[in-house]
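Throughout, a chain's letter reflects where its sequence line sits, starting with A, and its residues are numbered from 1.
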Number of protein chains: 4
Amino acid sequence: MPLSDKQIKAMEQKREKILQQAIILFAEQGYESTTIAKVAKASGVSFGSVFTYFENKDQLFYHAVTEPLNTVFKVDLLDFDPEAEDLLAEIKSMIDNHIRIFIEMRTYLQLVVQVIGQHTKFPEPFKELDDFSIEFIQKLILIITNAQRRCVLEDSDADLTATAYLGFLLGIRLTFTDYAVSRIWEKLKIPAFQLLYPKR
Amino acid sequence: MPLSDKQIKAMEQKREKILQQAIILFAEQGYESTTIAKVAKASGVSFGSVFTYFENKDQLFYHAVTEPLNTVFKVDLLDFDPEAEDLLAEIKSMIDNHIRIFIEMRTYLQLVVQVIGQHTKFPEPFKELDDFSIEFIQKLILIITNAQRRCVLEDSDADLTATAYLGFLLGIRLTFTDYAVSRIWEKLKIPAFQLLYPKR
Amino acid sequence: MPLSDKQIKAMEQKREKILQQAIILFAEQGYESTTIAKVAKASGVSFGSVFTYFENKDQLFYHAVTEPLNTVFKVDLLDFDPEAEDLLAEIKSMIDNHIRIFIEMRTYLQLVVQVIGQHTKFPEPFKELDDFSIEFIQKLILIITNAQRRCVLEDSDADLTATAYLGFLLGIRLTFTDYAVSRIWEKLKIPAFQLLYPKR
Amino acid sequence: MPLSDKQIKAMEQKREKILQQAIILFAEQGYESTTIAKVAKASGVSFGSVFTYFENKDQLFYHAVTEPLNTVFKVDLLDFDPEAEDLLAEIKSMIDNHIRIFIEMRTYLQLVVQVIGQHTKFPEPFKELDDFSIEFIQKLILIITNAQRRCVLEDSDADLTATAYLGFLLGIRLTFTDYAVSRIWEKLKIPAFQLLYPKR
DNA sequence: TATGAATGAGTTTTCATTCAT
DNA sequence: GATGAATGAAAACTCATTCAT
């Protein structure tokens, strides 16, 4: 007897709820301090249920890192067009977008920072993040190179510049640890833009 | 019976050894995964001895974070002169120095990143780091403002620029996770410099 | 709505399948290591269905031990005639038969050995086995006594001899743990016969 | 600072106590039903202490099976001389001895029976038992062959006879599950002797 | 001061059993 | 009747910390 649509829907919501709470707890308290019991309690399910949806704690962590990456983060961060007509406008809008994402996804990025910071401890999720960072940098290099060719940006080592830009995004996320940052995010696009060597 | 000088010296060395190994283990494996037994083994002492030198695990962590900060890190990072004669040279030398430190103190900075990334979990050591970052930024603002006044740097919001600079340093430390970075560190001073809005 | 004959038949087959797989798993892995989920999987049913046919795990174990006992084991082991004309032939054929059964029912006897070996843990199924062993020994005593009377066997304490004979059967089942035994079973009837004090 | 002799002695006694209680519990309740907590309670130590003396439950079980085997069982069972002057007396004394051991070591043998009965579950301890049984049978074959040569026993397949004898010992241990057996043990040497084909 | 045995709270995980669909 | 999601009790094992020697 297969499950009814309603049941499947309810289960999906439950899984999502567990994952969301796991992301928050993993981000704020770290891997070890986040107990399955805490996740269960925060999600309003019994702790046995967590194991219905995720094989074990490791898998839960893996999904907590990779699912937002693949569904939201990746898509949003790569949402710019290196072949746009007006590259200056495209770059500015890209920066706006990137900074907004790094501010909005504060909790998730805390998790990302942990995985990167202790990558030997989390090799599988780190691999996913690393792969994405390479893809992200490739696309950045593309838009930077095009912009340089069209004299929208000054000449620079595009690879280095792209890498510095990503480092900067991660760094400000780390530096501004709380909500306070949201009041100045408007400003952060200025140094971000500066890093790309704008024409004056 | 008072301890002889030799004994005191031996004890100090023992304490130092324990602290060094604790830093490495905390940095690479995180707070929870670092057990007192591991630290003791790595330091070549019995685990009971760890408690002779540090009240408990929490205190050991606290000292692992703050002692290098106060003895080395702070001194080295603040080793620049906002009133220097040749400010351009001073700034370039400062950047060289900062990047070198961030590369050399890779392990310690892994620890710093953890504390910042999970600051609610580690309020005391975070406070120390936060205090230092304020001090650091204040001094950066000073040199930037002076450099702007003397037309060595273009005008910019000095606070924002200083903060962006610190964020950049932390960010590249996070982005370049391994030794590979040492081969390109020479280059990283370029975007770091660019962040300060150099005159052209 | 009463069930059709076909349905009843199907259910009986399902129950039988579950029981057979339970016997194998209980025998090979023991009571605790045999999970309901494993039994269900081996039987090709959902684990909820196991509870449709057996009240709980305890009951499943009880039936796994007692059903083969009452349907096959008991009948086969008691299939000899203490009043047979040619008692020597009857005894030899009985021994052949017993050894064959102990070899063929290897898996089931692994289960029996567990119940006997840990009888305090399994009092109900042990009771059934114990009752049968008494019945078996009684009938053995009968044939032995008759054979002694008719000078087919030498005189001996019939009770002791019967008990020793049963012990021997269980013991060789335990001693020869694998299929290798099947190649020498032909021989095992020799010491079994010897235990009964044959006339020379 | 090395431990004092007194401490070492105390620790050895503690270890021994834990092992003894573990043997009893494993024998009576089986591997899974014997929890570390039960062993600790029965031994009068804290739960954590069991892990001070035995790496894990598996190791505890392994030692529970093999230590009595190597220190007592092996020595006692092999304590007969195939080259004795008066072989008939030697064999009778050997049988007396064997039966006495199988009765006295009732609890330990319950454990042995479990390991043999579920040898796939306990490969390491089973290996030790299996090795011993081979050694035991070899020595039995020796004494049987010598006795046959000296016309103390009738001719028979010595290998088969030795194996049957071991099977018988295990079997009666299994058949007589309680202390009741001690009242008839005097008698059991009769069928045991009979199994060796005594001259009449 | 140095050592490491002793302790037990806390964690992950398994699994029998219940029950809604 | 069949299914499998939900539950939580129970188990092995880890580890910070204490304290006797």
inquiry  = Please report the distance, rounded to the nearest Å, between CG in A:Leu25 and P in E:dT11.
reply    = 13 Å
Integer-rounded Å distance: E:dG10 P and A:Lys41 NZ = 14 Å
query = With distance as the sole criterion, is a donor-acceptor pair present between the side chains of B:Glu16 and B:Gln20 under 3.5 Å?
reply = yes
message = Can you confirm if the NZ or CZ of B:Lys57 lies within 45° of the ring axis of B:Tyr31 and under 6.0 Å from the centre of its six-membered ring?
response = yes
inquiry  = Measure CD1/B:Ile36 against C1'/E:dA2 and give the value in whole Å, please.
reply    = 16 Å
Residue B:Phe47, side-chain atoms from C-beta onward, closest of E:dA16, F:dA12, F:dT17 = F:dT17
ask   = Under 3.5 Å, side chain of B:Thr34 to main-chain N/O of B:Leu25, donor-acceptor pair present?
value = yes
5′-ward residue of the pair C:Gly44/D:Ser33 relative to DNA chain F = C:Gly44
Under-4.0 Å salt bridge between D:Lys121 and D:Glu32 = yes
ask   = Taking the six-membered ring of C:Phe47, is NZ or CZ of C:Lys38 closer than 6.0 Å to its centre and within 45° of its axis?
value = no
query = Roughly how many Å is it from CD in C:Glu32 to P in E:dT17, rounded to a whole number?
reply = 12 Å
message = Of the options E:dA16, F:dT7, E:dT7, whose atoms approach the side-chain atoms of A:Val45 most closely?
response = F:dT7
note = Paired runs of 3 or more consecutive Watson-Crick or G-U pairs involving DNA chain E, with both pairing distances under 3.5 Å, are E:2-21 with F:2-21
ask   = Between A:Pro68 and A:Val65, what is the shortest heavy-atom contact and its length?
value = CD-O, 3.8 Å
ask   = For the pair made of CD in B:Glu12 and C1' in E:dT1, what is the distance, rounded to whole Å?
value = 15 Å
request  = Might you point out which heavy atoms bring B:Leu69 and B:Glu128 nearest each other, and give the distance in Å?
outcome  = CD2-O, 3.8 Å
inquiry  = Side-chain N or O of C:Lys14 versus OP1/OP2 of F:dA2: is the shortest distance under 4.0 Å?
reply    = yes
key: Side-chain donor/acceptor of C:Gln21 to backbone N/O of C:Gly44, under 3.5 Å   = no
query = Just to confirm, is there a sub-4.0 Å distance from OP1 or OP2 of E:dC15 to any side-chain nitrogen or oxygen of C:Lys38?
reply = no
Residue A:Ser46, side-chain atoms from C-beta onward, closest of F:dA11, F:dG8, F:dA5 = F:dG8
query = In whole angstroms, how far is the C1' atom of E:dA5 from the CD1 atom of D:Ile8?
reply = 12 Å
note = Numerically ordered, the residues 48-66 of chain B set in heavy-atom contact under 4.0 Å with DNA chain F is B:Phe51, B:Asn56, B:Lys57
query = A:Tyr31 OH to E:dT11 P: how many Å, rounded?
reply = 14 Å
inquiry  = If I take atom CD in residue B:Gln29 and atom C1' in nucleotide F:dT14, what distance separates them, rounded to the nearest angstrom?
reply    = 15 Å
key: Basic-acidic side-chain contact under 4.0 Å: D:Lys17, D:Glu12   = no
